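These figures come from a predicted structure and were not determined experimentally. A, B, ... follow the sequence lines: proteins, then strands. Residue 1 opens every chain.
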Protein chains: 2
Amino acid sequence: MKPELTERQKLLLSLIVHEHTRSAQPVGSKTLVEQFTLPISSATIRNEMTVLTELGYLRQPHTSAGRVPTEEGYRFFVSNLTQQTTLPAPMRNTIAHQFYQAQQDLDGWLRLAASVLATQSQAASIVTAPHTEKVAFKHLELISTRAAQVLMVLVLVGGEIRQQILSLTDNTTQEDLSALAARINERCANCSIEQIISMDFILDPPGTQVIEAVRQQMRLSQQLVTGEIYLDGMTNVLAEPEFADTEQARSALSLLEERGKLDDLLSRTILGNEVGGVQVLIGGEGTWQELRQCSVILTRYGIPDQLTGTVGVLGPMRMPYGRTISTVRFVAGLLSDLVAENLIG
Amino acid sequence: MKPELTERQKLLLSLIVHEHTRSAQPVGSKTLVEQFTLPISSATIRNEMTVLTELGYLRQPHTSAGRVPTEEGYRFFVSNLTQQTTLPAPMRNTIAHQFYQAQQDLDGWLRLAASVLATQSQAASIVTAPHTEKVAFKHLELISTRAAQVLMVLVLVGGEIRQQILSLTDNTTQEDLSALAARINERCANCSIEQIISMDFILDPPGTQVIEAVRQQMRLSQQLVTGEIYLDGMTNVLAEPEFADTEQARSALSLLEERGKLDDLLSRTILGNEVGGVQVLIGGEGTWQELRQCSVILTRYGIPDQLTGTVGVLGPMRMPYGRTISTVRFVAGLLSDLVAENLIG
DNA sequence: TATTAGCACTCTCAAGCCGAGAGTGCTAAT
DNA sequence: ATTAGCACTCTCGGCTTGAGAGTGCTAATA
């Protein structure tokens with residue numbers, strides 16, 4: 001195992017990380033002592049830097065350039081050198097204010113959360129709608145649109161709304177549809193998907209068609225790892241100097257655009273982590289080639305084991321971790337409150 | 001006014017455009033004659049090129065580089081040299097097949113439309129949900145979630161769904177809510193927003209609260225220029241060589257990300273154009289700085305004056321216009337059919 | 001009169017070279 | 001243990017150069 005770092009080494013590592021996130025450039029011993037007016041000489045710093053480099057926390061892009069933190073360096077920094085900070089109160093208030101004066105609906109909140117995260121962190125943000133693992137029926141509505149066409153709106157416990165257009169084999173009046181919906185609502189209220197699948201319904205043909213659609217929609221919802229995904233601030237990462245080469249940026253952003261890959265990323269991090277903890281994924285951690293230059297900060301929100309979603313940001317590895325982690329955590333907290341206050345039913 | 005081009009000049013312009021979209025490089029006289037085995041010499045081509053350059057259709061990046069089409073050149077090409085092509089049948093079938101086997105709901109179709117456009121055109125795609133100018137009430141549903149919390153789901157004519165969480169001042173049972181919804185549904189069926197605003201309702205307190213929310217939601221929907229926006233393929237444009245410099249790409253893509261700017265773009269083109277026609281916006285046309293290097297192809301779909309949306313793509317100015325325009329038109333047609341068959345009510 | 005061959009000219013681009021500057025590692029002194 | 005000093009290494013920007021591509025012009029040709 002690696003030897004414990006001395007306090008001074010920790011300090012230096014921390015300063016290097018800060019200076020590098022500020023300047024986006026390799027930081028040298030002299031710069032360091034000047035920038036922070038350290039009471040030690042650059043030669044001493046050089047010695048310490050050699051140690052940190054040998055331990056794998058720093059890296060030289062080439063001989064006679066300054067040092068740059070490695071993935072491992074960032075990881076050490078994040079786990080040991082960054083204390084739990086809360087966002088400054090004025091900023092908290094600004095954000096909270098935006099939420100409370102926003103429109104009262106889930107879609108608006110999530111959109112806002114993505115937007116706030118993107119602007120605060122100057123990175124790309126990811127927010128998923130809250131989603132239940134145990135899908136349960138809440139309410140069904142059947143709305144006749146034209147001839148035998150019916151718009152079916154299914155509300156699940158937790159507030160997820162699923163809709164589908166049904167083409168019934170027989171024409172049916174709105175009254176009949178409403179009566180049918182009422183019957184199903186009564187019978188199915190708060191039932192889990194398993195219950196509904198195993199239930200026997202004695203209904204006329206349109207009824208069985210509807211039930212089948214309900215079951216199908218619930219199954220689909222069940223299969224979903226995550227709810228709808230809200231993205232914002234993708235262009236922020238294009239502004240970062242490390243992505244002056246488009247190819248890097250393209251591969252990173254394509255991760256967000258391809259639903260499959262994104263689901264993969266979200267689901268793996270979902271599993272590894274309890275609600276409340278913030279997960280920091282630095283440089284793809286060997287698994288995600290596309291993220292070699294990036295870091296992803298994710299956390300869950302909502303009500304554990306009942307109704308949860310994910311919020312997070314994707315930015316360059318050179319990222320103000322302290323501030324960003326706090327922001328993500330804070331937004332997650334806000335969303336948790338909103339979910340708890342409004343969405344359980 | 002400009003003199004009419006000779007047939008040979010048109011042919012050359014057309015070939016230059018094609019060759020340039022293929023190679024992404026300035027095209028020279030010699031390349032041209034070799035590539036297409038033309039029965040005239042490179043010297044003749046040079047003479048013609050001089051003419052086309054003087055007319056403003058071509059441009060030299062620098063002395064002794066080949067020629068590149070100007071915005072005007074592309075515009076001429078698109079309006080005069082590109083005949084209405086329909087997509088090859090197998091491709092049409094592939095696309096249509098995807099649509100018909102997709103899930104039967106609007107959200108899925110629009111998502112798919114964006115995805116298809118993005119992959120077919122290798123550019124960024126934009127699809128907006130169909131939206132009515134004359135907002136009208138279709139159906140209301142009130143679902144009790146907890147205590148005095150109510151999930152209100154409002155379906156508008158055309159299938160747009162709006163939801164909101166209401167905190168009623170009094171506790172109300174689900175039965176009361178259902179009765180209330182039923183009464184409102186009966187009274188408001190197919191009413192326009194103006195009618196509903198001017199109606200007098202004699203209802204108990206929760207009722208007035210609900211009506212107020214309904215009015216508000218309808219007003220909000222009314223104000224919207226466009227429905228929900230689906231984007232896809234943004235990373236496609238990053239792959240184009242003209243965006244090797246990130247800054248260009250950033251400004252173009254930020255146009256898609258900022259709802260305000262995007263609405264602006266969509267609304268201006270909506271106004272200038274009847275359904276059925278495809279609008280081609282080349283190089284921002286002086287108005288959009290961000291699009292200096294880009295072209296946007298847009299068209300409307302749906303039912304004119306009733307329920308319309310926009311589909312289109314944003315790509316580099318150097319774009320296979322013929323194919324892309326056909327694809328956009330075809331997808332718009334598909335969506336129009338789907339809307340007509342499923343969404344009018 | 002329209003086309004073409006030929007040629008001089010221009011300009012970019014990649015490669016190579018050079019010097020300045022930044023930063024290091026080592027050594028010897030404190 | 002720290003530091004001053006110094007030689008060494010490497011990048012980066014600027015400069016030059018030669019090759020190559022492409023043009024515009026002129027004079028010859030059909």
Counting only heavy atoms not in R292(B), do more than 12 fall under 6.0 Å of its CZ?
no
Taking side chain as C-beta onward, heavy atoms only, is I229(A) less than 4.5 Å from L266(A)?
yes
Calculate the interatomic distance between E19(B) atom CD and dA21(D) atom C1'; express it in whole Å.
15 Å
Separation of dG6(C) C1' from I45(B) CD1 (nearest whole Å)
17 Å
Phosphate oxygens OP1/OP2 of dT24(C): is one of them under 4.0 Å from a side-chain N or O of T50(A)?
no
So S42(B), base contact, sugar-phosphate only, or nothing? Heavy-atom distance under 4.0 Å.
nothing
Interface with DNA chain D, restricted to residues 54-70 of chain B and to heavy atoms under 4.0 Å:
Q60(B), S64(B), A65(B), G66(B), R67(B)
Derivation of the ring pair (Phe, Tyr, Trp, His ring centres under 6.0 Å) call for F77(B) and H18(B):
CA-CA 10 Å; F77(B) 174 77; H18(B) 275 115; 5.6 Å; yes
If you define the side chain from C-beta out and look only at heavy atoms, does anything of D232(B) sit under 4.5 Å from L117(B)?
no
To the nearest Å, how far apart are L12(B) CG and dT23(D) P?
12 Å
Can you check whether R8(A) has a side-chain N or O nearer than 4.0 Å to OP1 or OP2 of dT2(D)?
yes
Going by heavy atoms in the side chains, are I282(A) and V296(A) under 4.5 Å from each other?
no
Please report, rounded to the nearest Å, how far the P atom of dT3(C) is from the CD atom of Q9(B).
11 Å
Electrostatic pair R75(A):E72(A) at N-O distance under 4.0 angstrom:
no
Protein-nucleotide distance (R46(A), atom CZ; dT9(D), atom P), rounded to Å:
16 Å
Is any side-chain N of the basic residue among K10(B) and E4(B) closer than 4.0 Å to the acidic one's carboxylate O?
yes
Any side-chain N or O of T44(A) less than 4.0 Å from the OP1 or OP2 oxygen of dT3(D)?
yes
From NZ of K30(B) across to C1' of dA5(C) the rounded distance in Å is 13 Å
How close or far is atom P of dT4(C) from atom CG of N47(B), stated in whole angstroms?
10 Å
Can you confirm whether the side chains of R67(B) and T53(B) place a donor and an acceptor under 3.5 Å from each other?
yes
d(CD, Q25(B); P, dT12(C)) in whole Å:
15 Å
Angle between the two end axes of the helix from dT1(C)-dA30(D) to dT30(C)-dA1(D), five base pairs per end, rounded to 10 degrees?
30°
Side chains of E71(B) and E285(B): closer than 4.5 Å at any heavy-atom pair?
no
